[in-house]
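First the proteins, then the strands, lettered A, B, ... as listed; each starts at 1. The figures that follow rest on heavy atoms only: side chains count, while hydrogens, waters and symmetry mates do not.
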Amino acid sequence: MRRLFQILILLPLLTPLWAKVKVVCTIPLLSYIVREIGGEKVEVVTLASGERDPHYVEPRPSLVVSLRNADLLVKVGMDLDMWVDSLVDASRNTKIIWGSPGYVDCSLGIKKLEVPRGRISPKEGEIHIYGNPHYWLSPANGEIITKNILAGLLRVAPPSDHGFFKERADSFISRLREKAKEWKSSLAPFKGVKFVSYHRSFSYFAEYFGLDYLGTLEPKPGIPPSTAHIAQLIKDMKEQGAKLILLETYYPRKFADIVAKETGAKVVVVPPAVGAMKGVDDYFSLFDTIVSAITKALR
Amino acid sequence: MRSFIVGLFILILALPLLPVEEGTYEEEITPPPPRGELLRALQLPEISVIGDLQTLFSSNKEEEDRNKVSLEELEIALQSWIYPTIRGDVFIAFHEHKGHTQAEVEEGYVSFLNLGKGFSLIGGRKRVGLGKENPLHPHHRLYADNPLVLTELFSEHGLIGDGATLSYLLPSKIFTYLDLSTWQVVTPEKGEGMPGLEKTLHTARLWVSTPYKEGELEVGLSFARGAGKEPVKIRGLDWTFRRWPGAFGRDLLRMELFWAEHEDFKKKGWYLLGAHKFTRYWEGALRIDNAELVAEEGKEKALSLIASKYLTETSVLRFQYQYCDRPQGADNRFWVQVIFGMGPHAHPLE
């Protein structure tokens, strides 16, 4: 009986040894990397579905419950997932507000592209003041995301787990570097190839793999294609010999098909994020799918 | 020595002109705040303006706004954090009232968002948290007009009061939120809405929300009670189901019912709203209204068909047709509404 009491008294003290770090991520890609680093020592909840354009997620009350108990919030940042802010406010969880140890903005340290200069206004469309937020589409940035998440986990997890997280993060980064070499060599023959997409989702991808971004079907971010813009784009593509249209799974196909018909370019439907297409469940399959679709189209 | 100091001075002045490279991993130490780097630097609140421009075509010749373009409402919002867990929100509205443009503080409140243990406190002027739609600003709704039951029981601008709300987020696995408030009613003014409203009002709202069939099901129970011997009593029930198919889609089904009583006055009303977002830009909606009239016997019933084109999150072009059946006869009404938003505009979770 006395032993039972001793165990019952010691039990709460031992709980942190097997307590999992509760992590809430805004998009599936971040959840995947958190699981890669945290393994069985983390409990991960994803707020938005991968099929949803991460710019347009409607906050819903039930998501507050996950945030209320979270130790760590992992977000894309750069105002892409600013819809999470009202949920964080509603959760009353000060552990995960901006400036707290449990707040991870994965864009920290990313070399940001297309940062608007001068006066910024909606005249330029749905512009992001911190620059293009689709930075995860570069394997080099995948490393930075991993480091940011690791730093967050180290801030909130018990020191006994730090070695475990560091080891797994290092292993993930090594695998990513190996795969990045493969992807780079697959796309090497197409260096300098000019392409267009619907939204400007592939700037980081193009920079990393040496492709040449000619333009987008949208005249400006978030603004639907216009006849005049499409006509100009067709002219530019013909003049510059662009033969590839990367169409993100979120967007309608009809404009891409019109342009393809006029220019002879191939339309390749690709996932811009993890979960955006069936079978694209992790960071590796995201690049595998995009790289293989491009090589197949241009071969 | 003098030229050295002058040189150093010039160098300091010239420093901001030197080219600065983009941030690298080593350089950035803290992440940018969630909203507005520029505003942060200036310590200004977030300032936004929402305009609601409407044209109403109506077969009812007695309708005041008939066949006129009118700026129904212009809302100026000033929003900012005051302290790490305290927010301030002020919404000043300009709208037409009895032929004159009137400016009023529609809402102005301070939110203590974390009192600990899931409690928070809001004090100031606010749209009363009674039901689902009354707390929403008109520009945030999916239609141009006010649901008939809200106009009849409260006013054209809803129910607004000065007071305080204590909120509690229950530590349960299902989102459960309880609001307890006390108000001095500001809108409606005496003579508008149901009798007995222009006094002290105590309200309670229980809001429960849970994932359901790849969507979200919300249920709300509201209760209001006035002061005095024979106080006003209002009971409300609302439920909403939303789901988000595809990259941009949204389906919504909402119903809200109210029962109100005061002395020998007893009225009820409801509306049912269904909406489907076809694409990122276009949404179609249908609303059925049924409300007992406050000023006379009888009912008002309406059917509305609504099409909205979303240009941005806060800018919408909307067309609404309504067939409205009143004791005096039936009316056909058609609105063209343009909502235009400028600047960063946010509302708490709804």
What part of [X] gets closer than 4.5 Å to chain A, counting heavy atoms only: side chain, backbone, both or neither?
X: B:Ser315; answer: neither
X: B:Thr85; answer: side chain
X: B:Ile174; answer: backbone

If you count every heavy atom of other residues, nucleotides or ligands that lies below 6.0 Å from B:Tyr212 atom OH, does the total exceed 12? no
A quick test of your reading: do over 12 heavy atoms of other residues, nucleotides or ligands sit less than 6.0 Å from CD of B:Glu216? yes
Need one label for A:Ile223: side chain, backbone, both or neither, based on atoms under 4.5 Å from any heavy atom in chain B. backbone
Heavy-atom contact with chain B under 4.5 Å, split by part of A:Pro54: neither
Heavy-atom pair count under 4.5 Å with chain B, highest-scoring of A:Ala90, A:Pro224, A:Gly77: A:Pro224
Between A:Ser66, A:Gly222, A:Pro59, A:Pro252, which shows the greatest number of heavy-atom pairs under 4.5 Å with chain B? A:Gly222
Out of curiosity, [X] [atom1] to [Y] [atom2], how far, rounded to the nearest 0.5 Å?
X: B:Leu217; Y: A:Arg60; atom1: CG; atom2: CZ; value: 12.0 Å
X: B:Phe175; Y: A:Ser91; atom1: CZ; atom2: OG; value: 10.5 Å
X: A:Asn93; Y: B:Leu113; atom1: CG; atom2: CG; value: 12.5 Å
X: A:Glu58; Y: B:Arg243; atom1: CD; atom2: CZ; value: 13.5 Å

Smallest separation among heavy atoms of A:Arg68 and B:Ser172, with atom names: NH2-O, 2.7 Å
Minimum heavy-atom distance B:Pro245-A:Arg52, with the two atoms named: O-NH1, 3.8 Å
Take the angle between the ring planes of A:Tyr251 and B:Phe248 and call it parallel below 30°, perpendicular above 60°, tilted in between. tilted
Using modelled atom types only, decide if a donor and an acceptor are shared between the side chain of B:Arg280 and the backbone of A:Tyr250 within a distance under 3.5 Å. no
May I ask you to decide if B:Tyr168's main-chain N or O and A:Arg92's side chain share a donor-acceptor pair within less than 3.5 Å? no
Counterpart residues, salt bridge (Lys or Arg N to Asp or Glu O under 4.0 Å), relative to A:Arg177 (two or more places apart): A:Glu143
